Amino acid sequence: MLDLKFVRTNMDRIEQMFKDRGYELDLSRFRTLDEKRRSVLTDLEELRHERNTVSDKIAVMKKQGEDASSLISQMKTVSASIKELETELPEVVDELNNLLLLIPNIPHESVVVGRDPDDNPVIRTWGEIRDFEYPPLPHWELGEKLNILDFSRAAKIAGSRFSLQSGLGAALERALINFMIDVHTRYHGYSETLPPFLVNSESMTGTGQLPKFREDLFKVEGWDLFLIPTAEVPVTNIHRDEILSFDELPIKYVSYTPCFRSEAGSYGKDTRGLIRQHQFNKVELVKFSRPEDSYGELEALTADAEDILRRLELPYRVVSLCSGDLGFSAAKTYDLEVWLPGQQLFREISSCSNFTDFQARRANIRFKRKGGSGTELVHTLNGSGLAVGRTLVAILENYQQADGSVAIPEVLRPYVGDLSTIRMGG
RNA sequence: GGAGAGAUGGCCGAGUUGGCUGAAGGCGCUCGCCUGCUAAGUGAGUGUAGGGUCAAAAGCUCUACCGAGGGUUCGAAUCCCUCUCUCUCCGCCA
């Protein structure tokens with residue numbers, strides 16, 4: 001959510017931003033509501049002021065035994081008017097707020113204006129793309145041959161877009177989770193946290209999933225609870241409605257959670273394999289930063305995510321999302337895309353974003369400067385470090401060998417009993 | 001699921017025969033004084049948000065906020081209703 005005053009005084013900039021993002025929203029109602037709000041508020045406050053002063057007078061008169069009945073009857077009409085305005089004001093405020101919640105974040109000046117992913121500039125590329133002396137297999141074929149992925153049984157149990165991993169397929173997933181958390185806690189200074197996997201609608205609103213993206217979420221029937229689509233939601237909401245101290249910033253969390261997404265509107269996309277699932281595992285990095293440091297923290301956070309790929313020796317590139325591809329709440333996003341030889345393409349494996357004060361305003365996460373008066377909004381950031389399922393995909397496809405086996409990356413071996421290879425029949 | 005207790009400022013904790021209580025007192029914190037250092041002492045200050053005034057900031061001023069929402073009343077932290085959360089005991093359970 002943007003600041004009301006900012007929107008009021010920067011309508012042109014907002015309109016331009018809509019164009020850059022390819023976003024449609026009619027702001028004509030905004031002005032009307034904004035003015036209405038202030039006029040109602042002013043009237044209301046004047047009436048309340050009158051009520052307060054006269055009520056005090058009544059109290060004094062009664063104490064002195066004087067007759068206050070004329071004042072009291074006079075105040076009855078004032079009270080009635082107050083009540084009227086008190087029902088009107090929230091209606092105006094709610095509508096204004098709902099409008100405000102539909103305005104996306106302002107992209108950072110470094111974000112390239114563009115339409116779609118094709119316009120995303122590549123920032124850097126790392127690692128050697130391996131030459132195969134045979135056509136490399138996609139991970140779903142490797143996984144089924146090795147008996148570690150079973151998509152047909154997953155469909156029986158839950159339906160499409162679910163997976164069943166067994167043996168080393170399950171163990172490697174677990175190894176990756178532990179490996180990632182270990183690297184981020186030991187070498188990058190993050191604190192581990194294990195949050196609820198279901199959250200209420202207030203939390204979903206705080207990070208921006210609601211009200212606009214309800215159809216992407218799984219909701220628990222009969223409860224005000226949603227399955228989290230990312231750890232970003234519960235972890236960012238850890239500090240909802242809190243005032244943090246200047247000294248403790250930045251706060252850095254790493255959190256493993258499963259993620260649940262309805263993938264509405266993605267019918268026919270990535271139907272095979274582990275790429276697009278209703279449920280997947282992710283290790284997430286979340287930061288609460290001082291405003292002046294947040295873009296530096298974004299670079300650091302991206303580097304922290306990249307470090308996992310480097311340690312796993314998986315080739316990847318970093319792209320900066322253009323205005324048209326940028327998420328609703330983000331001011332700037334780097335995507336990490338890992339090379340998948342089985343499909344001959346770079347595939348998103350992490351998305352690292354600076355939300356500036358956009359989420360913090362919604363979620364009411366503030367801090368206090370040392371000598372300063374008043375509070376300021378923190379900046380929030382997050383990024384996958386990494387999507388675990390997709391990392392497994394990348395390992396299977398990049399580490400596959402001519403005989404159908406898959407080598408296990410050096411750094412993961414301690415996590416799987418020092419095994420070096422996944423072979424047929426275990 | 002049954003029975004009971006509670007929710008006040010950064011924290012603890014008064015205030016419930018409705019009326020200068022935005023809220024006593026204590027702790028903490030900030031600035032100053034004092035003190036070889038520390039501790040102690042001492043003076044002042046210390047919530048958030050939204051209006052108005054102002055070019056803006058400061059300042060001044062108004063309004064709201066004592067878990068949330070509603071009601072009674074000229075007037076509610078105080079009375080009534082609903083909800084949420086926390087705690088204790090019993091039951092159940094990984």
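Everything numeric here is computed off the predicted structure, so don't read it as measured data.
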Student: Taking the C1' atom of each, how far is B:C12 from B:C29, in whole Å?
Tutor: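 Going atom to atom, C1' in each nucleotide, I get 15 Å.
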
Student: Expressed as a whole number of angstroms, how long is the span from A:Asp67:CG to B:C74:C1'?
Tutor: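 Going from CG in A:Asp67 over to C1' in B:C74 covers 13 Å.
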
Student: Return the value, rounded to whole Å, for the distance between atom CG of A:Asn364 and atom P of B:U48.
Tutor: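 Interatomic distance, CG of A:Asn364 to P of B:U48: 12 Å.
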
Student: A:Glu248 CD to B:G10 P: how many Å, rounded?
Tutor: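 It works out to 15 Å between those atoms.
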
Student: Is there a Watson-Crick or G-U wobble partner for B:C29 with both distances under 3.5 Å, and if so, which one is it?
Tutor: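 WC or wobble partner is B:G45.
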
Student: Look at A:Ser79 and B:G75 and indicate whether a side-chain polar atom (N or O) is within less than 4.0 Å of OP1 or OP2.
Tutor: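 Answer is yes, contact under 4.0 Å.
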
Student: Now, which nucleotide makes the Watson-Crick or G-U wobble pair with B:C37, with each of the two distances under 3.5 Å?
Tutor: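 Result: none.
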
Student: Starting at atom CG of A:Asp34, determine the distance to atom C1' of B:G51, rounded to an integer number of angstrom.
Tutor: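 So the CG-C1' distance, A:Asp34 to B:G51, works out to 12 Å.
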
Student: With a 3.5 angstrom cut-off on both distances, give the Watson-Crick or G-U wobble partner of B:A23, or none if there isn't one.
Tutor: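 Checking every strand shown, B:A23 finds no partner, since no pair has both distances under 3.5 Å.
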
Student: Taking the nucleotide of RNA chain B with the closest heavy atom to each, which residue, A:Lys63 or A:Asp3, is nearer the 5' end?
Tutor: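 Closer to the 5' end of RNA chain B: A:Lys63.
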
Student: Once you apply the 3.5 Å cut-off to both distances, tell me the Watson-Crick or G-U wobble partner of B:U17, or none.
Tutor: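 Check on B:U17: unpaired, no WC or wobble geometry under 3.5 Å.
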
Student: Nucleotides 60-63 of chain B: which of its N/O atoms have a protein N/O under 3.5 Å away?
Tutor:
unit_1 : atom_1 : unit_2  : atom_2 : d
B:C62  : O3'    : A:His49 : ND1    : 2.8
B:U63  : OP1    : A:His49 : ND1    : 2.8
B:U63  : OP1    : A:Asn52 : ND2    : 3.2
B:U63  : O2'    : A:Arg48 : NE     : 3.3
B:U63  : O2'    : A:Arg48 : NH2    : 3.4

Student: Using heavy atoms to find the nearest nucleotide of RNA chain B for A:Met75 and A:Ile243 separately, return the residue whose nucleotide is more 5′.
Tutor: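 Result of the comparison: A:Ile243.
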
Student: Looking at side-chain heavy atoms only, is the closest gap between A:Glu24 and A:Phe18 below 4.5 Å?
Tutor: no

Student: Determine the Euclidean distance between corresponding C1' atoms of B:U21 and B:U78; express it in Å to zero decimal places.
Tutor: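 Rounded to whole Å, the distance is 11 Å.
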
Student: Give a yes-or-no answer on whether the side chains of A:Glu232 and A:Thr207 include a donor-acceptor pair shorter than 3.5 Å.
Tutor: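 Short answer, no.
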
Student: With A:Glu242, which residues qualify under side-chain hydrogen bond (donor to acceptor under 3.5 Å, both in side chains), at least two apart?
Tutor: A:His239

Student: CD of A:Glu202 versus P of B:U84: gap in Å, rounded?
Tutor: 14 Å

Student: Using the P atom in both, what is the distance from B:U84 to B:A24, to the nearest Å?
Tutor: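 One P to the other, the span is 33 Å.
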
Student: Using the P atom on both, measure B:G69 against B:A3 and round to a whole Å.
Tutor: 28 Å

Student: Does A:Lys57 reach a base, just sugar-phosphate, or nothing at all? Heavy atoms under 4.0 Å.
Tutor: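 Counting heavy atoms under 4.0 Å across all strands, no contact is made by A:Lys57.
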
Student: May I ask you to say what A:Leu41 touches in the nucleic acid, namely base, sugar-phosphate or nothing, with a heavy-atom cut-off under 4.0 Å?
Tutor: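 Sugar-phosphate contact only.
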
Student: May I ask you to check if A:Arg272 and A:Phe151 form a cation-pi contact, with NZ or CZ under 6.0 angstrom from the six-membered ring centre and within 45° of the axis?
Tutor: no

Student: In whole angstrom, give me the gap between the P atoms of B:U17 and B:C31.
Tutor: 42 Å

Student: Begin with the C-alpha distance, continue with both residues' side-chain angles, and end with the deciding distance and a verdict on salt bridge (Lys or Arg N to Asp or Glu O under 4.0 Å) for A:Lys252 and A:Glu297.
Tutor: CA-CA 10 Å; A:Lys252 298 159 70 172; A:Glu297 293 292 347; 5.4 Å; no

Student: Rounded to whole angstrom units, what separation is found between the CD atom of A:Glu242 and the C1' atom of B:U48?
Tutor: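 Value for this atom pair: 15 Å.
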
Student: When you compare B:G32 with B:C37, how far apart are their P atoms, in angstrom units rounded to a whole number?
Tutor: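 Nearest-Å result for B:G32 against B:C37 at atom P: 16 Å.
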
Student: B:A49 C1' sits how many Å from A:Asp241 CG, rounded?
Tutor: 13 Å

Student: Taking atom C1' in both B:C89 and B:G28, what distance in whole Å separates the two?
Tutor: 35 Å

Student: For B:A56, which nucleotide is its Watson-Crick or G-U wobble mate, given both distances must be under 3.5 Å?
Tutor: none

Student: Find the partner of B:C92: check Watson-Crick (N1-N3 plus N6-O4 or O6-N4) and G-U wobble (N1-O2, O6-N3) distances, both under 3.5 Å, and reply none if neither fits.
Tutor: none

Student: Would you say the side chains of A:Tyr187 and A:Asp304 form a donor-acceptor pair under 3.5 Å?
Tutor: no

Student: Look through every strand shown and name the nucleotide pairing with B:C87 as Watson-Crick or G-U wobble, where both distances are under 3.5 Å.
Tutor: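 Pair assignment: B:C87 / B:G4.
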
Student: Which heavy atom of A:Ser323 sits nearest a heavy atom of A:Gly114, and at what distance?
Tutor: OG-N, 3.0 Å

Student: Is there a side-chain polar atom (N or O) of A:Ser55 under 4.0 Å from OP1 or OP2 of B:A76?
Tutor: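 It does not, given that no N or O in the side chain of A:Ser55 lies less than 4.0 Å from OP1 or OP2 of B:A76.
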
Student: Given that both distances must come in under 3.5 Å, which nucleotide forms a Watson-Crick or G-U wobble pair with B:A76?
Tutor: none

Student: What distance separates A:Arg276 CZ from A:Ser160 OG, expressed to the nearest 0.5 Å?
Tutor: 12.5 Å

Student: Over how many whole Å does the gap from A:Ile82 atom CD1 to B:G71 atom C1' extend?
Tutor: 16 Å

Student: Looking only at atom C1', what distance separates B:C66 and B:A14, rounded to whole Å?
Tutor: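 Roughly 12 Å separates the two C1' atoms.
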
Student: Could you walk me through whether A:Asp216 and A:Gln209 pass the side chain to side chain contact (heavy atoms under 4.5 Å, CB included) check?
Tutor: CA-CA 8 Å; A:Asp216 297 334; A:Gln209 279 72 24; over 6 Å; no

